[in-house]
Amino acid sequence: MNQFQPGILQLIPAQACYLNFEVSPQAETQAVIAALKLIKTKNTVVGIGQSLLDHIGKSISGMKSMPAQSANGITIPSTPVDLWFWLRGDDRGELLHRARSICQQLSTAFTLKSTFDGFCYADYRDISGYIDGTENPEDDDAIAAAIVSGSDDSLGGSSFVAVQRWQHDLDRFESFSLKHQDDIIGRRREDNVEFDGSPDSAHVKRTAQESFEPEAFMLRRSMPWSKDLETGLMFVAFGASFYSFETQLNRMIGNEDGITDGLFEFSEVREGAYFWCPPVADNQLLLSALED
Ligand code: HEM
């Protein structure tokens with residue numbers, strides 16, 4: 001199997017910068033692929049959106065646009081992005097320089113549309129204070145959940161990632177009692193224990209990976225984001241397909257039983273998109289799937 005992008009499996013870094021690029025309308029396929037080949041994948045995870053595949057007239061089996069949805073008073077937006085970067089590091093200055101250099105390198109075919117800064121909070125906590133990632137699969141299980149295996153050489157080592165920018169209303173969250181906050185998640189903030197008797201709306205009950213048929217494991221690598229004093233979670237979930245993400249979100253928005261996830265009491269999805277993360281070789285994207 002080809003090598004997957006290493007940042008997918010590594011734990012989240014101390015600092016991150018997310019970059020969203022738009023392809024220039026006049027950029028031709030060869031120019032787009034040439035620009036993609038300039039990207040160095042060390043400390044960087046790169047995802048290609050369906051809209052970019054459409055632009056260059058290519059398709060990737062299993063790839064599609066994130067559907068916009070609305071159910072039970074909840075709106076899940078779809079905000080397509082052509083090319084997505086998750087820059088990983090521990091020095092904000094180094095990330096800024098890297099972001100600038102990527103913009104310069106790609107300028108023949110792409111324009112920067114937006115950026116968000118991400119960070120690791122305390123011991124891998126969401127900014128609400130709850131530890132995030134506890135039930136992530138590890139080692140071989142993480143690879144099985146997140147990476148495309150199989151014999152198709154050009155796609156093996158790929159991953160599909162769902163990215164959603166959730167914005168929290170922390171004033172509202174802090175107005176709830178600790179018991180109510182713990183009930184929203186289904187784990188105690190104090191000791192991270194998943195306790196008995198949480199409501200059916202508890203987030204960990206909505207998303208319990210073994211409770212789906214087939215089981216719905218995914219590799220979450222989310223990080224808190226902030227801009228001015230706005231904040232929330234940049235939810236990032238890698239899968240060998242979009243099945244686990246879609247199945248879980250479907251239950252979160254109450255499509256199975258009318259019960260919506262407690263998270264929606266204080267947080268909403270502001271942006272969301274799907275990406276295909278190609279495999280890598282020698283610190284470069286392996287793009288044979290786009291060149292056939
Ligand atoms: C505001 C956004 C979100 C926050 C703050 C959040 C936070 C958390 C926290 C604190 C946990 C418990 C610890 C852990 O196992 O990681 C958790 C578990 C989990 N979350 Fe989220 N989450 C968010 C959105 C989502 C979304 C959109 C999905 C999927 C569509 C999701 C899927 C999961 C899964 C699969 C688990 C583990 C469940 C299990 O098997 O026990 N989360 N999340």
Side-chain angles (χ1 to χ4, degrees), residues 11-12 66-69 71 74-78 116 118-138 141-142 145-146 160-170 172-174 176 178 181-196 198 200-226 230-256 260-274:
L11 287 178
I12 60 163
M66 178 182 270
Q69 305 185 60
I74 294 166
T75 303
I76 306 290
S78 166
F116 276 89
F119 55 92
C120 181
Y121 173 47
D123 46 351
Y124 300 102
R125 286 174 195 261
D126 172 63
I127 202 69
S128 60
Y130 288 82
I131 293 183
D132 189 18
T134 310
E135 291 293 338
N136 260 333
E138 291 176 4
D141 291 340
F160 295 98
V161 64
V163 180
Q164 281 184 324
R165 187 169 65 81
W166 288 68
Q167 184 163 341
H168 296 352
D169 182 342
L170 285 185
R172 182 167 162 77
F173 187 69
E174 286 160 3
F176 300 147
L178 179 59
Q181 294 175 352
D182 286 353
D183 276 348
I184 286 177
I185 301 295
R187 282 181 180 264
R188 284 195 300 257
R189 184 164 60 217
E190 191 180 295
D191 56 11
N192 196 29
V193 167
E194 188 170 346
F195 55 93
D196 291 337
S198 63
D200 288 342
S201 56
H203 179 55
V204 298
K205 281 194 171 165
R206 296 279 99 193
T207 55
Q209 295 161 103
E210 330 72 45
S211 69
F212 296 90
E213 182 50 45
E215 293 181 337
F217 282 92
M218 55 160 70
L219 188 63
R220 288 167 293 129
R221 291 291 187 241
S222 313
M223 298 179 75
W225 62 269
S226 72
E230 291 187 342
T231 188
L233 188 71
M234 194 66 84
F235 177 83
V236 172
F238 294 95
S241 75
F242 292 117
Y243 161 75
S244 297
F245 173 79
E246 293 190 341
T247 311
Q248 289 177 8
L249 189 65
N250 190 51
R251 191 188 281 167
M252 286 175 70
I253 63 177
N255 275 343
E256 279 187 12
T260 56
D261 196 301
L263 287 175
F264 292 106
E265 286 189 52
F266 77 98
S267 193
E268 62 178 326
V269 185
R270 302 299 298 269
E271 295 178 87
Y274 285 163

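In each ligand, atom 1 is the first atom listed, and ligand 1 is the first ligand listed.
Ring centroid separation for the pair W166 and F264 comes in under the 6.0 Å cut-off.
Only the side chain of L233 comes within 4.0 Å of ligand 1, judged by heavy-atom distances. At a heavy-atom cutoff of 4.0 Å, ligand 1 is contacted by the backbone of A208 but not by its side chain. With a 4.0 Å heavy-atom cut-off, ligand 1 is reached by the backbone of I131 but not by any atom from C-beta on. Of the heavy atoms in D132, both backbone and side-chain atoms come closer than 4.0 Å to ligand 1.
The N/O atoms of T134, backbone and side chain alike, include one that comes under 3.5 Å of an N/O atom in ligand 1. Distances between N or O atoms of Q248 and those of ligand 1 include no value under 3.5 Å. Geometrically, ligand 1 and D126 share no nitrogen or oxygen pair separated by less than 3.5 Å. Residue-to-ligand polar distances keep Q164 apart from ligand 1: every N/O pair is separated by 3.5 Å or more. Between R220 and ligand 1, at least one N/O pair is under 3.5 Å apart.
Heavy-atom neighbours of E190 CD from other residues, nucleotides or ligands within 6.0 Å: at or below the threshold of 12.
Side-chain atoms of S222 come within 3.5 Å of backbone N or O of V236 as a donor-acceptor pair. Under a 3.5 Å cut-off, the side chain of D182 and the backbone N or O of R189 do form a donor-acceptor pair. Looking only at distances, a side-chain donor or acceptor of R206 sits under 3.5 Å from a matching main-chain atom of R251.
Looking at F235, Y130, F266, it is F235 that brings a heavy atom closest to atom 31 (C) of ligand 1.
Listed by number with element, the atoms of ligand 1 under 4.0 angstrom from any heavy atom of V204 are 12 (C). Set against the non-hydrogen atoms of R187, the atoms of ligand 1 under 4.0 Å away are 12 (C), 13 (C).
With a 4.5 Å cut-off on side-chain heavy atoms, F176 and E265 count as touching.
Under a 4.0 Å heavy-atom criterion, A237 is not in contact with ligand 1. The shortest heavy-atom distance from E246 to ligand 1 is not under 4.0 Å.
Classified by interplanar angle (parallel below 30°, tilted 30° to 60°, perpendicular above 60°), the ring pair Y274/F242 is parallel.
How far CD1 of I253 is from CG of L263: 13.0 Å, rounded to the nearest 0.5 Å.
Annotation: atom 21 (Fe) of ligand 1 to nearest protein heavy atom, H203 NE2, 2.0 Å.
Comment: E230 does not engage R270 in a salt bridge, judged by the lack of any side-chain N to carboxylate O separation of less than 4.0 angstrom.
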